[in-house]
Asks: 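Provided herewith is a single structure, encoded as structure tokens, for subsequent inquiry.
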Amino acid sequence: MATDPTKLSMAQALNRALRDAMAEDEAVYVFGEDVGPLGGVFRVTDGLTAEFGEDRCFDTPLAESGIVGMAVGMAMNGMRPVVEMQFDAFAYPAFEQIVSHVAKTRNRTRGRVGLPMVIRVPYAGGIGGVEHHCDSSEAYYAHTPGLTVVAPSTPADAYFLLRDAIASDDPVVFMEPKKLYWGKDEVDLSTPEPPIGRAVVRRPGTDATLIAYGPSVPTALEAAEAAAQEGRSLQVVDARSLVPFDDATVCEAVRSTGRAVVVAEASGYASVASEIVARVTERCFHSLAAPVRRVTGFDIPFPPPKLERFQLPGVDRILDAVDDLQWEDQ
Amino acid sequence: MATDPTKLSMAQALNRALRDAMAEDEAVYVFGEDVGPLGGVFRVTDGLTAEFGEDRCFDTPLAESGIVGMAVGMAMNGMRPVVEMQFDAFAYPAFEQIVSHVAKTRNRTRGRVGLPMVIRVPYAGGIGGVEHHCDSSEAYYAHTPGLTVVAPSTPADAYFLLRDAIASDDPVVFMEPKKLYWGKDEVDLSTPEPPIGRAVVRRPGTDATLIAYGPSVPTALEAAEAAAQEGRSLQVVDARSLVPFDDATVCEAVRSTGRAVVVAEASGYASVASEIVARVTERCFHSLAAPVRRVTGFDIPFPPPKLERFQLPGVDRILDAVDDLQWEDQ
Amino acid sequence: MADDRDLLPSEQPVRLLDETGSPVAGASLPFPDRDRLLAAYTSLVIGRRVNDQAGALVRQGRLAVYPSSHGQEACQTGAALALAEGDWLFPTYRDTAAVIARGVDPVEVLTLLKGDWHAGYDPYAHRVAPQATPLATQLLHAVGVAHAARLRGEDTVVMALCGDGATSEGDFHEALNFAAVFRAPVVFFVQNNEYAISVPLARQSAAPSLAHKGVGYGMNAERVDGNDTPAVLAVLDRAVAAARTGEGPQLVEAHTYRMQAHTNADDASRYRSKEEVDPWEARDPLLRMEAYLKRKRLLTKARKAEITERAEAVATAMREGVSKDVDPDPAELFAHVFATPTPQLDEQAAFLADELSREGN
Amino acid sequence: MADDRDLLPSEQPVRLLDETGSPVAGASLPFPDRDRLLAAYTSLVIGRRVNDQAGALVRQGRLAVYPSSHGQEACQTGAALALAEGDWLFPTYRDTAAVIARGVDPVEVLTLLKGDWHAGYDPYAHRVAPQATPLATQLLHAVGVAHAARLRGEDTVVMALCGDGATSEGDFHEALNFAAVFRAPVVFFVQNNEYAISVPLARQSAAPSLAHKGVGYGMNAERVDGNDTPAVLAVLDRAVAAARTGEGPQLVEAHTYRMQAHTNADDASRYRSKEEVDPWEARDPLLRMEAYLKRKRLLTKARKAEITERAEAVATAMREGVSKDVDPDPAELFAHVFATPTPQLDEQAAFLADELSREGN
Ligand SMILES: Cc1ncc(C[n+]2csc(CCOP(=O)(O)OP(=O)(O)O)c2C)c(N)n1
Ligand SMILES: Cc1ncc(C[n+]2csc(CCOP(=O)(O)OP(=O)(O)O)c2C)c(N)n1
Ligand SMILES: [Mg+2]
Ligand SMILES: [Mg+2]
């Protein structure tokens with residue numbers, strides 16, 4: 001395993017994480033649709049069949065409930081399956097398996113049967129995809145007790161979160177922001193990112209806190225950069241781990257500024273963003289100078305490519321929300 | 001149609017609503033598992049096959065995706081299907097059909113194909129059911145743009161909301177609180193309850209507002225009654241319509257008291273309760289004397305019967321939350 | 001392609017005994033041996049006793065609900081006895097008798113229906129998966145367990161049970177197809193008891209039999225009289241052997257009948273008549289087996305008494321165990337959601353503990 | 001039960017033409033008549049032109065993506081031509097040529113892949129459902145449409161298309177089973193083009209053929225050479241007639257081949273060789289049909305020129321229509337979520353309108 005920092009795209013970092021995990025632990029198996037010779041439609045599993053053989057990384061029949069259900073059985077029987085759902089909306093056929101089994105098995109067996117498995121879900125918009133290819137589906141999983149749910153925002157984060165997810169003795173739903181697959185960044189494999197369960201302050205700031213995750217983190221950072229030009233100092237927290245959530249880091253950040261905006265791409269109603277607003281408000285009420293604002297997708301099905309920019313949280317919309325945080329009361 | 005007030009259980013009121021709707025509109029079809037000769041495991045469809053014939057109310061093969069998918073086609077082709085999912089967790093196999101088609105069809109066809117259909121979901125706990133029979137699954141639907149989601153709390157409400165749902169030109173997910181099926185109450189069929197989209201103040205009060213829906217409404221009312229004994233006046237709002245949500249009524253209620261507790265049975269994380277906390281806080285921030293509190297299920301799979309009472313929001317827990325609303329600041 | 005007709009199951013269900021318990025002529029399979037038959041009879045008697053006892057416990061309010069396999073005990077017996085120790089059984093809610101026949105403590109099995117916890121036994125102890133409620137979902141888990149074993153070179157066979165109704169679910173299809181494509185050593189054993197709660201078989205399928213579904217997966221399929229214990233055993237033995245020796249997954253449909261209501265909460269009179277049920281009394285698997293064993297002089301009075309006594313002992317232990325009031329600890333609600341509780345669950349557990357301490361619990 | 005062998009599809013796919021376009025001896029079905037053959041040829045030529053034009057539009061950046069049915073035009077043609085006006089077609093993303101053959105404006109069809117909106121045509125205008133992306137889900141909608149029609153006493157038939165990969169999904173199973181149990185007049189037409197993106201047929205099924213899946217539903221099933229236009233038409237005509245006259249649903253598998261990559265975004269060289277693809281060039285449905293028509297002197301030069309011209313006109317209209325820049329109105333995002341927007345959507349629409357007005361949009 002090389003330890004020099006190297007430039008990797010998020011897709012490459014994920015590929016590297018799979019390779020390293022498979023090399024280290026022969027209980028790790030990768031399967032799904034087109035993950036074998038093709039290497040996945042996003043090439044995240046590129047080369048794994050060639051390197052580890054057809055038993056370790058293989059294509060299945062085209063059936064998502066089947067993929068997740070089979071993974072449950074393999075996890076019951078000593079393996080650490082990592083399955084790929086080809087796109088967000090194509091994980092829905094597996095919903096019953098995920099909610100009724102993946103999430104509940106440890107609990108229903110009184111801790112006797114754990115399911116160390118990872119369900120990778122390429123998700124969200126920003127790539128001009130047609131309908132059913134751009135859903136932000138994290139709330140469905142985050143609402144379901146028993147699932148760990150994470151979303152990386154950088155290649156390094158992707159590498160270490162995926163290693164962590166595979167090493168976890170519990171099932172992890174691993175949300176991969178599609179639009180970040182191709183962006184390259186330095187990855188220092190010798191310096192781990194914080195583990196699952198920890199949020200990270202990606203940019204310090206004093207006037208207000210932006211809380212984002214996954215595809216919205218780079219946008220939040222851009223917004224903070226733009227705000228800095230205008231003399232406003234925005235802190236950016238990357239939640240990363242939606243379940244378990246890092247209340248300590250997030251609340252400390254919010255208390256330090258007294259103002260917050262939650263940024264997320266999913267439709268806002270009954271979403272992870274709602275949860276963050278609710279829990280931050282519950283915990284930081286008297287430190288807040290203004291209600292926590294949300295910048296989320298509208299409550300509409302994901303738009304066609306030509307209109308998706310109106311749905312995605314953008315820099316201006318975030319800055320408008322920040323402007324709205326009742327600065328006049330200061 | 002009789003117009004005298006009669007005592008009906010919620011199951012009977014729902015049955016009456018189905019009968020009246022089928023009699024009035026021959027496009028209404030009822031189907032699902034065991035809804036025919038058996039009359040449904042909760043007897044909500046009792047007698048419909050006998051009265052309207054095997055074409056109008058019929059049993060299907062045992063497959064929920066099939067049931068919902070077939071309903072989509074029938075709705076495309078001029079009918080108003082009303083389907084029953086036998087229990088909350090057994091609707092999950094239909095999740096893809098619900099999210100990718102039921103919710104999206106009007107939008108994706110630019111308004112050309114509407115789907116007037118109702119998916120009835122007996123849901124939530126409180127009846128000592130075994131695992132997979134007690135899920136509070138409303139957040140999955142409420143988070144999905146394009147679905148109308150309602151939950152009645154009284155027999156009269158059940159009757160009129162279901163009539164409304166069947167008459168709606170859009171798909172409605174109709175959440176039926178199982179534990180309220182058998183409780184009887186006066187139903188005056190000549191006095192409609194407010195339509196879908198409207199919340200109802202079930203009890204006036206001045207000190208704090210309880211916001212509840214479905215199975216939690218009677219508990220909230222009980223709590224208000226108990227609080228009254230102790231000299232505290234609690235207002236109870238029944239949200240009823242989770243989507244669309246009645247911001248006006250709910251926020252007016254909260255502003256009038258300045259304090260609020262949201263009561264819901266589902267696990268709290270990324271739930272409808274989170275949403276209510278978030279939107280009420282966003283809208284009423286400066287009227288609030290304390291952060292809006294939540295009394296929800298814990299973030300655990302629904303417990304076995306012997307332990308379910310610890311998961312369900314109870315009167316004491318609600319009163320504790322009310323006590324917690326920082327009264328000392330008054 | 002020339003041999004796709006081989007994929008069709010036999011025209012009639014395999015039978016070794018007729019309804020009076022006499023061996024049928026020209027049977028396609030040999031009888032299991034004497035020891036196996038006696039073991040099967042023992043299991044039948046215990047299975048029936050377990051069903052009766054559970055019914056009584058429901059009436060006494062000790063169990064909330066019980067889906068009885070009364071009348072299906074030959075299938076329950078076969079499913080358990082056909083397996084070797086290292087094999088796996090994937091049962092449904094109706095297969096309590098099979099789970100017990102495999103060695104799991106009845107009281108632990110009934111934890112679920114008593115309401116103390118969900119799955120009450122350790123699935124690894126006897127290699128019995130938790131009883132499945134969401135229909136057909138467990139069939140995929142069975143495929144996964146079998147595939148994992150095969151990848152490791154183990155000769156494990158997995159017996160996956162489901163009912164006629166469950167064959168309509170998408171997961172049934174996906175499980176059979178995955179098993180066939182990966183040649184996973186699974187025996188899919190469908191107990192066709194003619195009903196899914198109130199819905200008769202004709203509403204589930206228009207195929208000549210459920211075994212015919214094997215053709216669409218290129219899977220060997222067989223049909224058996226599900227009330228004929230030696231036949232069930234013989235057919236399952238063959239299927240297990242085939243799966244074990246690399247012939248791929250097998251589908252077996254047993255034709256049987258659900259003698260009682262779906263559960264005690266069900267009212268079967270709403271959807272079927274006494275006239276329909278009555279003839280099945282005569283096909284009772286226990287009576288048939290007993291008649292056969294007696295005719296063959298394999299069942300002495302002493303033997304029978306001994307078996308009855310064993311069954312009584314099981315029933316007594318069940319009665320006593322289930323009647324013991326257990327007070328599950330609410331703290332456990334937070335203990336098994338994850339391997340290590342999250343900070344949020346720790347908070348919630350503390351909240352509940354505080355609440356309980358204030359209530360003086 | 002004696003006749004379950006009748007449920008097995010024919011041993012070989014039905015063929016009327018050999019690979020050189022000569023009629024085969026002893027074919028099991030008669031040739032469609034002259035007019036129909038010419039109509040089919042016209043549709044084939046247009047279908048091929050549509051595929052080529054769409055490919056070009058992708059290369060020019062006018063379409064984001066296009067899943068081509070190049071090589072499958074005989075199936076596309078058959079699916080459209082076998083239906084009467086009142087019938088319904090349920091296509092997938094790959095069935096653009098069939099949708100166009102049924103009369104839908106190509107530019108409206110391509111709205112989806114151009115990114116202007118999702119389904120761009122009015123499904124009721126030509127009774128063509130929106131092209132389905134979530135695999136196999138549309139098969140159930142087809143059953144619902146057919147069942148509704150049957151309940152109303154209409155003689156509508158529904159043609160439901162899917163690929164070989166989609167047969168592995170649970171919804172495929174549920175759709176075929178529902179159709180069979182309710183005897184819904186649906187023709188399930190599977191275009192087995194050997195691949196689901198990169199995954200070959202052998203990973204989807206271990207059955208002798210996909211048509212064999214009919215047996216498990218008690219459904220008539222047939223196999224046809226999917227590159228043999230007269231055969232596809234004859235088999236689908238028969239299936240549609242059977243469905244229409246109350247014989248219940250029908251399953252037809254066409255053996256064909258996906259000549260190009262899954263879409264332009266795919267790289268087929270990663271999973272299949274030129275050696276595998278090349279022989280299929282010789283089986284091109286268009287060449288075979290043309291050879292036959294010429295041999296039969298049904299295709300005059302003038303006729304051919306006229307058809308080519310029609311296809312060019314379609315392509316030109318497509319090119320021009322697709323190249324027109326449409327600026328979809330963002331306000332529409334809120335207009336169709338419900339029949340009447342909710343107060344929340346009104347607020348969100350106003351929010352966006354305000355944002356846009358401030359941006360000076
Ligand atoms: C996915 C799912 N849908 C519905 C149910 C409710 N349900 C429980 S048992 C049952 C009937 C099952 O019939 P069958 O498969 O024939 O098994 P049997 O009860 O006859 O043993 C139904 C509909 C369920 N448990 N799971
Ligand atoms: C439920 C679902 N899972 C996965 C996908 C992604 N996907 C799109 S096309 C395709 C392959 C389909 O193969 P097949 O059914 O053979 O049709 P073909 O593309 O060959 O026409 C896949 C996996 C999808 N659209 N829907
Ligand atoms: Mg049954
Ligand atoms: Mg294909």
Side-chain angles (χ1 to χ4, degrees), chain B residues 32-43 46-47 49-50 54 58-67 69 86-87 89-94 96-97 127-133 267-269 295-311 314 316-317 320-321, chain C residues 64-65 93 111-120 130 132-137 163-173 196-200 203-205 262 265-268 270-272 326-330 332-337 342 344-345 348-349 351-352 354-356 358-359:
Chain B
E33 294 158 10
D34 302 293
V35 299
L38 182 63
V41 295
F42 294 107
R43 302 293 184 270
D46 196 20
T49 300
E54 287 186 359
F58 58 89
D59 290 327
T60 63
L62 211 171
E64 294 76 10
S65 188
I67 292 167
Q86 200 159 81
F87 282 85
F90 307 145
Y92 301 149
E96 180 188 33
Q97 286 287 350
I127 62 161
V130 295
E131 53 171 0
H132 308 299
H133 288 77
S267 294
Y269 197 87
V295 176
T296 66
F298 299 116
D299 294 315
I300 60 175
F302 197 83
K306 288 261 179 75
L307 293 170
E308 73 170 335
R309 69 179 186 283
F310 302 109
Q311 174 75 349
D316 289 344
R317 201 173 282 169
D320 284 353
Chain C
V65 68
Y93 51 89
T111 304
L112 174 72
L113 303 177
K114 204 185 151 195
D116 291 346
W117 197 262
H118 309 296
T133 293
L135 296 163
T137 54
D164 46 308
T167 66
S168 297
E169 289 282 5
D171 274 5
F172 173 86
H173 173 70
I197 307 187
S198 72
V199 182
R203 258 299 139 96
Q204 297 300 341
S205 177
H262 172 66
D266 179 34
D267 173 7
R270 284 181 164 249
Y271 53 82
R272 68 185 190 187
V326 177
D327 239 342
D329 181 1
E332 211 180 328
L333 289 173
F334 307 93
H336 312 302
V337 184
T342 61
Q344 287 74 25
L345 287 176
Q348 294 174 17
F351 172 91
L352 178 60
D354 171 61
E355 199 179 75
L356 294 175
R358 283 185 292 115
E359 280 175 22

Asks: What part of B:E64 gets within 4.5 angstrom of chain C, counting heavy atoms only: side chain, backbone, both, or neither?
Replies: both

Asks: Let me know if C:D267 has heavy atoms under 4.5 Å from chain B in its side chain, its backbone, both or neither.
Replies: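 For C:D267, heavy atoms of backbone and side chain both lie under 4.5 Å from chain B.
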
Asks: Show the nearest heavy-atom pair for residues B:G36 and B:T49, with the distance to one decimal.
Replies: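 Closest approach of B:G36 to B:T49, heavy atoms only: CA-OG1, 3.2 Å.
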
Asks: Of the backbone (N, CA, C, O) and the side chain (C-beta and beyond), which part of C:L345 lies under 4.5 Å from a heavy atom of chain B, both, or neither?
Replies: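 Contact with chain B: side chain only.
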
Asks: Is it the side chain or the backbone of C:Y93 that comes within 4.5 Å of chain B heavy atoms, both, or neither?
Replies: neither

Asks: Quick one: what part of C:A268 sits under 4.5 Å from any heavy atom of chain B, side chain, backbone, both or neither?
Replies: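 Neither part.
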
Asks: Do B:L307 and C:W117 pass the side-chain contact (heavy atoms from CB on, under 4.5 Å) test, and can you show the C-alpha distance, the side-chain angles, and the key distance before you say yes or no?
Replies: CA-CA 8 Å; B:L307 293 170; C:W117 197 262; 3.6 Å; yes

Asks: So does B:D316 pair up with C:R358, basic N to acidic O under 4.0 Å?
Replies: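 No, no charged N to carboxylate O under 4.0 Å.
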
Asks: Just jot down the side chain to side chain donor-acceptor pair (under 3.5 Å) partners of C:S205, sequence neighbours excluded, or say none.
Replies: none

Asks: Can you tell which of B:T60, B:L62, B:D59 has the highest number of heavy-atom pairs within less than 4.5 Å of chain C?
Replies: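 Result: the option with the highest number of such pairs is B:L62.
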
Asks: With sequence neighbours left out, write down each residue that passes side-chain contact (heavy atoms from CB on, under 4.5 Å) with B:E131, or none if nothing qualifies.
Replies: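 In terms of side-chain contact (heavy atoms from CB on, under 4.5 Å), with neighbours along the sequence ignored, B:E131 is linked to A:R108, C:L112, C:H118.
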
Asks: Pick whichever of B:Q311, B:E308, B:H133, B:R43 has the most heavy-atom pairs under 4.5 Å with chain C.
Replies: B:R43

Asks: Using 4.0 Å as the upper bound for N to carboxylate O, is an ion pair formed by B:D46 and C:R270?
Replies: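 Between B:D46 and C:R270 there is a salt bridge, with a charged N closer than 4.0 Å to a carboxylate O.
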
Asks: Counting only heavy atoms closer than 4.5 Å, note whether B:F90 contacts chain C via side chain, backbone, both or neither.
Replies: side chain

